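In what follows, residues are counted from 1 in the order of the sequence shown. Small disclaimer: the values here were computed from a predicted structure and weren't measured.
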Amino acid sequence: NYRSLTAVMYINPEGDFQSAEDGGSLRCFVDAAASDLTGASAKEIQDVKPSGGRAVLFPSRSLLHEVLPSFRRRYALTLWFVSPHAGE
């Protein structure tokens with residue numbers, strides 16, 4: 001995996017995704033062990049709502065993350081910054 005940094009820009013209409021029932025959040029498992037694929041070892045879990053106009057930047061390799069199921073139409077632009085050597 002050559003991705004080193006992920007940038008996500010949510011372009012949903014303003015006012016969408018105000019309720020947890022709308023889903024579609026980016027879930028970040030903070031300080032999860034490198035071998036953890038489920039988030040069980042995370043010291044903290046942070047959910048980021050996909051509110052229109054919000055930008056999120058995070059280290060792709062070291063932050064375990066997932067997108068929760070969305071119950072509304074969700075729009076996002078994603079950009080991955082890559083480095084020539086995985087793990088560096």
Side-chain angles (χ1 to χ4, degrees):
N1 181 351
Y2 293 99
R3 297 174 188 165
S4 57
L5 181 69
T6 298
V8 180
M9 176 69 178
Y10 296 107
I11 54 174
N12 299 306
E14 192 171 323
D16 281 4
F17 293 96
Q18 297 301 310
S19 169
E21 289 80 34
D22 293 335
S25 291
L26 172 68
R27 176 161 286 173
C28 301
F29 298 95
V30 180
D31 291 329
S35 60
D36 184 357
L37 299 178
T38 65
S41 68
K43 293 181 181 169
E44 180 181 358
I45 297 174
Q46 293 183 356
D47 289 343
V48 180
K49 289 182 188 177
S51 301
R54 176 172 286 162
V56 182
L57 298 169
F58 60 90
S60 308
R61 292 188 195 120
S62 61
L63 180 67
L64 181 64
H65 59 281
E66 67 177 330
V67 176
L68 300 178
S70 181
F71 304 104
R72 300 180 65 117
R73 194 170 296 266
R74 177 184 173 277
Y75 300 98
L77 298 173
T78 303
L79 177 66
W80 291 292
F81 296 87
V82 297
S83 62
H85 304 288
E88 292 183 5

Please give the remaining members of the hydrophobic cluster of [X], linking ILVMFWY side chains under 4.5 Å, ordered by chain and number.
| X | result |
| --- | --- |
| Trp80 | none |
| Ile45 | Phe29, Leu64 |
| Leu79 | Leu5, Phe81 |
| Tyr75 | Met9, Ile11, Leu77 |

- Message: Going by salt bridge (Lys or Arg N to Asp or Glu O under 4.0 Å), name the pairs with one or both residues in residues 1-22, residues two or more places apart or in two chains.
- Response: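 Qualifying pairs, neighbours excluded: Asp16-Arg72, Asp22-Arg72.
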
- Message: Taking side chain to side chain donor-acceptor pair (under 3.5 Å) as the definition, give me every residue that meets it alongside Ser60, ordered by chain and number, with sequence neighbours left out.
- Response: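 Side chain to side chain donor-acceptor pair (under 3.5 Å) check on Ser60 returns Thr6.
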
- Query: Got a sec, which residues hit side chain to side chain donor-acceptor pair (under 3.5 Å) with Thr38, two or more places apart in sequence or on another chain?
  - Reply: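 Thr38 satisfies side chain to side chain donor-acceptor pair (under 3.5 Å) with Asp36 once adjacent residues are dropped.
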
- Task: Considering non-hydrogen atoms only, spot the tightest contact between Arg61 and Ser4 and give its length.
- Result: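 What the structure gives for the nearest pair is NH1-CB, 3.9 Å.
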
Donor-acceptor contacts under 3.5 Å from residues 46-58 side chains, at least two apart:
{"from": "Gln46", "atom 1": "NE2", "to": "Glu44", "atom 2": "OE2", "distance (Å)": "2.9"}
{"from": "Asp47", "atom 1": "OD1", "to": "Arg27", "atom 2": "NE", "distance (Å)": "2.7"}
{"from": "Asp47", "atom 1": "OD2", "to": "Arg27", "atom 2": "NH2", "distance (Å)": "2.8"}
{"from": "Lys49", "atom 1": "NZ", "to": "Gln18", "atom 2": "O", "distance (Å)": "3.0"}
{"from": "Arg54", "atom 1": "NH1", "to": "Lys49", "atom 2": "O", "distance (Å)": "2.9"}

